[in-house]
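Protein chains get the first letters and strands the later ones, always in sequence-line order, with residue 1 at the start of each.
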Amino acid sequence: MTRWLLPGFLFVGALATLILIVGPALYAISLSFYEQQSLTADPIWVGLNNYATVLGSAEFWNALGNGFFYAGVAILLQVVLGIGFALLLHQSFRGRTLLRGLAFLPYLLPTVVAVLTFKWMIDGSLGIVTILVDDLGLPPIYWFETESAAMMSVILVSVWLWTPFVTTTFLAGLQTVPVQLYEAARVDGAGPIRRFFHVTLPMLRPILTVIILLRGVWMFNKFDIIWLTTGGGPLGATEHLPVLAYRQAFTLFDIGNGAATATLSFLVLMVIVTLYFWLFPMDEKK
Amino acid sequence: MTDVISLQTLRKEYGSVVAVEGVDLEVAEGELIVLLGPSGCGKSTTLRMVAGLETITSGRLLIGGRDVTKLEPKDRDIAMVFQNYALYPHKTIRANMAFGLRMRGMGAAEAAERVASAADMLDIAHLLDRKPAQLSGGQMQRVALGRALVRDPAVFLLDEPLSNLDAKLRARMREEIALLQKRIGKAMLYVTHDQTEAMTLADRIVIMRDGHVQQIGSPLEVYDRPANAFVAGFIGSPEMNLVPATLDAGQLTLADGVRLSAPEDVGAGPVIAGIRPEALEPSDEGAPFVIQGVEQLGSQTLFIGTLGPHRIRVLAGRRDDLVAGATIPVAAAPSAIHLFDPTTNQRMGSTV
Ligand SMILES: Nc1ncnc2c1ncn2[C@@H]1O[C@H](COP(=O)(O)OP(=O)(O)O)[C@@H](O)[C@H]1O
Ligand SMILES: [Mg+2]
């Protein structure tokens, strides 16, 4: 009985992966080779036509650039702030445990709730932030109305939501660094900053590598936050590949182009991840 | 000779726990001091207060005549060797050893020179380009020593540096550390719980228990004249036999019919008699010793057995003829018997 347990579970797992992930993915990729006006219409084979259309459009390159910018800046801020908070929370002070718990809270919020809360806070007439800004005598902030502000706002919400992930992971990592290394560095004459760069960072490099990879992939594919805040606007300023693919497929009912965009997005991500693994190997051979 | 280190009633409290209760110690130039005691007695805490890794609750610490009580470790002119080596795992051995020098602003060329000469001295020159993970325990130990050595500090601090090595390597490193220390002629504070290490290395041993210093003296002083029953039991291997006895008219009565000649007349009454296993000899007459176990050590034989109700050990020259079950008379030279007060545990009289 137990002899079949492990293979059995493995089989179920493989089957579920096949049906729920590989299948739909292949179906989506296959869609990119057809022209289809709606999900119920008969598909017509068009070869690589959809790809030619997508790659020839300014929209695609705009969305690709936006995606890189959004993911890049958001990760950078998340990592820098996340590490900063982790270092603060690693100090011993009263109420540390409570604060560690609180710091994790935003991560638990569903994106929809967080985005709605944020939109509510900055509401043009009722939002608490709007009122505060007004009370301080500052000019009103147009969070999502101008092109550059919209991008910054989307990044801001993302950073607020997912910095706790970095903080918590990094904080867990900090507990594993042997105290003696810090003491040795102190005796060696290294101050707090040099101790960070010569002990903490190298010791947590493997964790950091994984954090950046995970967060990077997540941010690049992050759909809900942009869709819920700006919908990709204004004027495509915050439209990245997932939003573009969605708009093509479900707003313009051009399922072929949408699928092609999604497939290209997947390919781009694959190239980047491969490059990343090659540049920052997980197991240090040296 | 001037004192390099001066500990003046150094005390450490952790909240309500007193880890170290006022240690006084003067260390001379070139002296190797071993802090010895059972686990938890405050050795490491004392050493770490000297290093500056632990704040000093009260008392004063001078290094090179300078009051360093409140200074950071880096400003104390000390170098430390940690129990688990504490090498930076991502740095090469070369970078590990040079780190302290570079942090102090020394140029790369001069630092490299110092690293090279220390590496030669410790025979690790061929390891300089490796990472710590590629070294054996003994090699890491050498590197840790080397990292302290290149700094050329006034004082070396070592916290159980050999405890992670196997017995053979430990003995060899012990010798090397002793030779190295004599060669560079710097003061060294060395923490261990191993009395053999203390006896073989130390110029002077500081024996601690529960945060209190029990005795300070050269290895032979503490061996010959232990200040109290605790020191007597801690120093020497195999352990000294400590048995309650009654002293009267130059006779030590351990039990009915079990008598030994006493060292000197320190009065009459109950005492604790301390007799080292090696001081007891099988002889023609003496107290009847019932052998229960025999351990052959090669050149010597260790007998475990009883004198009356007391379990004791006798370490004799090699004897192949005595087996468990036999009873033999044993005796000790009166001068080799230590007497301790049974209430205070302090040494009685002035027996050498
Ligand atoms: N950070 C600390 N907080 C509370 N108590 C401590 C701390 N460090 C050491 N102690 C206590 O101080 C005593 C001495 O410890 P230590 O100096 O490490 O002993 P040793 O090195 O002789 O084994 C022990 O009872 C230990 O429990
Ligand atoms: Mg210790």
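- For Ala79(B), the part lying near chain A is the backbone, with the side chain staying farther off; criterion is any non-hydrogen pair under 4.5 Å.
- The choice from Ala51(B), Pro89(B), Ala148(B) that makes the most heavy-atom pairs within less than 4.5 Å of chain A is Pro89(B).
- Phe99(B) and Tyr88(B) have perpendicular rings, their planes meeting at more than 60° on a 0 to 90° scale where under 30° would count as parallel.
- Among Asn84(B), Ile78(B), Asp75(B), Leu157(B), the residue making the largest number of heavy-atom pairs under 4.5 Å with chain A is Asn84(B).
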(request) Tell me, with the steps shown, if Val143(B) and Tyr85(B) meet side chain to side chain contact (heavy atoms under 4.5 Å, CB included). (result) CA-CA 8 Å; Val143(B) 174; Tyr85(B) 319 128; over 6 Å; no

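- Going from atom OG1 of Thr167(A) over to atom CG of Leu174(A) covers 10.5 Å, rounded to the nearest 0.5 Å.
- Taking chain A as the reference chain and counting heavy-atom pairs below 4.5 Å, the highest number among Lys91(B), Arg76(B), Arg151(B), Met103(B) is found for Met103(B).
- Between Leu87(B) and Phe82(B) the shortest side-chain heavy-atom distance does not fall below 4.5 Å.
- Contact of Arg186(A) with chain B is made through backbone and side chain together, with heavy-atom distances under 4.5 Å.
- Between Phe85(A) and Leu171(A), every side-chain heavy-atom pair lies at or beyond the 4.5 Å cut-off.
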